[in-house]
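Here is the structure we will look at, set down as structure tokens.
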Amino acid sequence: MGVTRRTLRLGAFLLTPGYHVASWRHPTARADGGLDFAHYRELLHTAERGRFDMFFVADGVGIRTPYRDADELSRWGRFLQFDPLTLLSALAVHTTHIGLAATASTTYNEPFHIARKFASIDHLSAGRAAWNIVTSVTDAEARNFNRDSQPDHTARYQRAREFMEVVTGLWDSWDDDAFGYDKEAGRYFEPDGMHVLDHKGEHFSVRGPLNVARPPQGYPVLIQAGASADGQDFAARWAEVVFTAAQTLDEARTFYRGMKRQAAAYGRDPGQMKVMPGLFPVVGRTRAEAEDKYAVLQELVDPVVGLGLLTQLLGDVDISGCPLDGPLPELPPTQGSTSRQQLVYDKARREGLTIKELYRSLTGGRGHRIVIGTPEDVADLMEEWFTDEAADGFNVMPPVLPQGLDDFVDLVVPELQRRGLFRTEYESTTLRGNLGLDRPARGAAAELPLSTGPVQVQE
């Protein structure tokens, strides 16, 4: 038997009306797309036509923009959207192959809720659900859940680790063949096929069992995006897809290899973890056309929004008193995303950017790699990162929707296929099958060592 060639994995990270902070002002954008089911359905059909592995819906449980007043908030134009699990349940019946990934927080949910909802979506989609696990990073979210501020970084991850033990334990409540529905014998399920969790821990007391049969995929695919020491440790133990941000090939390669080593230290097969950096592509049939598309978006950036975005990416550190034409100052620690704060700070220092130049450089990719050019230019970068052990694939962040996704599917995907880097047809009807991930046996999660925090891995 021949060796199957490794190929790219692609996620469509579809933040309506586009990933660029000014996308809602673009002439072709659907500014009201976040509340239009037909809009999401068409985007999903486009991504499935492009043979994407998954459709990724980001979410927060509060208006996360660091706005000062209603006037500033009114300039952002991107905070209204459906609850992602509700949306994916509706979208599931309109597709057949593409994976359906939604964000849900371990800080502002209970494990039984999450286990039941994602198991349900996995059944409704016949095995295409994925959970993007977040701990949440803003006080705006905390204030909607009986708190004045978010728990500190360490406390959020401690809760998240126990949360995962409970959720995976609940997904293991039933053997795969527990439900026989034997009418003649009068037995709905086999008693030996039921497993009561009876978890009692520091944060949760959950008896179980879950009132949903074991998901078709065993567990929905687990995605995680934190890149701090705690985030990487959490991903090494639990994540099957790691969503990350990197500006350079060297950064991406270092992160990729480090994550694979950390997964191996937990006794996992590193091949069962797919590292997928974010990519913000602006595609034109010529480089000049692509640059013109980007320039149009940049001209639409409101300076108030640009500075607000930078504040958010710095973990809500207030820099409003600093001169815009001066350098970014030394930053205090944040209880927000420590890894994103460091990435932005390093970018400012590496490129010698003023605060104004820095926020303008972040309005598109927000710390993710931006590539502006022809389909060949975009494919060149993707191929280089893929072949040089910096990525297993990419989460594609179209700058404006639907145009940006159309451009990628119609122009870049054929180029990737021509190079033999990407599928021409789906390999499976489940997300695990298309990502090349094994289906976990019941109890698989409990067999790996538990984590209490970051571990040291020898280079």
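Keep in mind the model is a prediction, meaning the values are calculated, not measured.
No hydrogens or angles considered: nothing links the side chains of R159 and T135 as a donor-acceptor pair under 3.5 Å. In this model, a donor atom of one side chain and an acceptor atom of the other lie less than 3.5 Å apart for E141 and T138. With no hydrogens or angles considered, no side-chain donor-acceptor pair links N144 and Y108 at under 3.5 Å. Defined by atom type and a distance below 3.5 Å, a donor-acceptor pair is missing between the side-chain atoms of H39 and T16. Judged purely by distance below 3.5 Å, without hydrogens or angles, the side chains of Q262 and D233 never pair a donor atom with an acceptor atom. When only modelled atom types and interatomic distance are considered, T103 and D59 share no side-chain donor-acceptor pair under 3.5 Å.
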Just list the side-chain donor-acceptor pairs under 3.5 Å for residues 7-14, sequence neighbours left out, or say none.
unit_1: R9; atom_1: NE; unit_2: L435; atom_2: O; d: 3.4
unit_1: R9; atom_1: NH1; unit_2: N434; atom_2: O; d: 2.8

Identify every side-chain donor-acceptor pair in residues 111-118 under 3.5 Å, counting partners at least two apart or on other chains, and give the distances.
unit_1: R116; atom_1: NE; unit_2: N211; atom_2: OD1; d: 3.2

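Put simply, the side chain of R30 never gets that close to the backbone of L401: no donor and acceptor are under 3.5 Å apart. Side chain of Q272 to main chain of D438: a donor-acceptor pair is present (N/O by atom type, distance under 3.5 Å, no hydrogens or angles). Side-chain atoms of R268 do not come within 3.5 Å of backbone N or O of M273 as any donor-acceptor pair. Side-chain atoms of Q247 come within 3.5 Å of backbone N or O of G367 as a donor-acceptor pair. Between the R432 side chain and the Y219 main chain, a donor and an acceptor come within less than 3.5 Å of each other. With E240 contributing its side chain and L222 its backbone, the two residues share a donor-acceptor pair below 3.5 Å. No side-chain donor-acceptor contact under 3.5 Å links D36 to the backbone of G33. The main-chain N or O of P220 is never found under 3.5 Å from a side-chain atom of D122 such that the two would form a donor-acceptor pair. Looking only at distances, a side-chain donor or acceptor of E162 sits under 3.5 Å from a matching main-chain atom of H203. The backbone N or O of L314 lies less than 3.5 Å from a partner atom in the side chain of Q341, making a donor-acceptor pair.
Using a 4.5 Å heavy-atom cutoff, the side chains of I372 and I370 are in contact. A 4.5 Å side-chain heavy-atom check between Y266 and R237 finds at least one atom pair inside the cut-off. Contact of the I121 side chain with the R128 side chain is not registered, since no non-hydrogen atoms from C-beta on lie closer than 4.5 Å. Contact annotation: the side chain of I355 approaches that of L307 to within less than 4.5 Å [non-hydrogen atoms, C-beta and beyond]. Annotation: side chain of T96 is in contact with side chain of E48 (closest heavy-atom distance under 4.5 Å). The shortest distance between side-chain heavy atoms of H153 and D230 falls below 4.5 Å. Counting only heavy atoms from C-beta outward, the side chains of V282 and V371 never approach each other to under 4.5 Å.
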Run H94 and F37 through ring-ring contact (aromatic ring centres under 6.0 Å, His included) and show every step you take. CA-CA 11 Å; H94 292 275; F37 177 75; 5.5 Å; yes

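Here R6 pairs with D392 in a salt bridge; the nearest charged N to carboxylate O distance falls below 4.0 Å. Residues R418 and E376 are not paired through a salt bridge, judged by the lack of any N-O separation under 4.0 Å between the basic side chain and the carboxylate. Salt bridge annotation for D410-R285: absent, with no cationic side-chain nitrogen under 4.0 angstrom from a carboxylate oxygen. Ion pairing between K274 and D53 fails under the 4.0 Å rule for side-chain N and carboxylate O. Salt-bridge check for D388 with R253: passed, with a basic side-chain N closer than 4.0 Å to an acidic carboxylate O. No salt bridge links E357 with R360; every basic N to acidic carboxylate O contact stays at or beyond 4.0 Å.
Under a cut-off of 6.0 angstrom, the local environment of CZ in R419 is crowded, with over 12 non-hydrogen atoms contributed by other residues, nucleotides or ligands. The local environment of CZ in R287 is sparse, with at most 12 non-hydrogen atoms from other residues, nucleotides or ligands closer than 6.0 Å. Other residues, nucleotides and ligands contribute at most 12 non-hydrogen atoms within 6.0 Å of the CG atom of D148.
Y19 OH to N395 CG: the interatomic distance, rounded to the nearest 0.5 Å, is 10.0 Å. E299 contributes atom CD, which lies 11.5 Å from atom OH of Y294 (distance to the nearest 0.5 angstrom). To the nearest 0.5 Å, atoms CG (L100) and OG1 (T95) are separated by 5.0 Å. With values rounded to the nearest 0.5 angstrom, S23 atom OG is found 9.5 Å from H26 atom NE2. In this structure, the separation between CZ on F234 and CZ on R156 is 12.5 Å, given to the nearest 0.5 Å. Between L405 atom CG and F52 atom CZ the span is 6.0 Å, to the nearest 0.5 Å.
Using bins of under 30°, 30° to 60° and over 60° for the plane-to-plane angle, the ring pair F280/H20 lands in the tilted bin.
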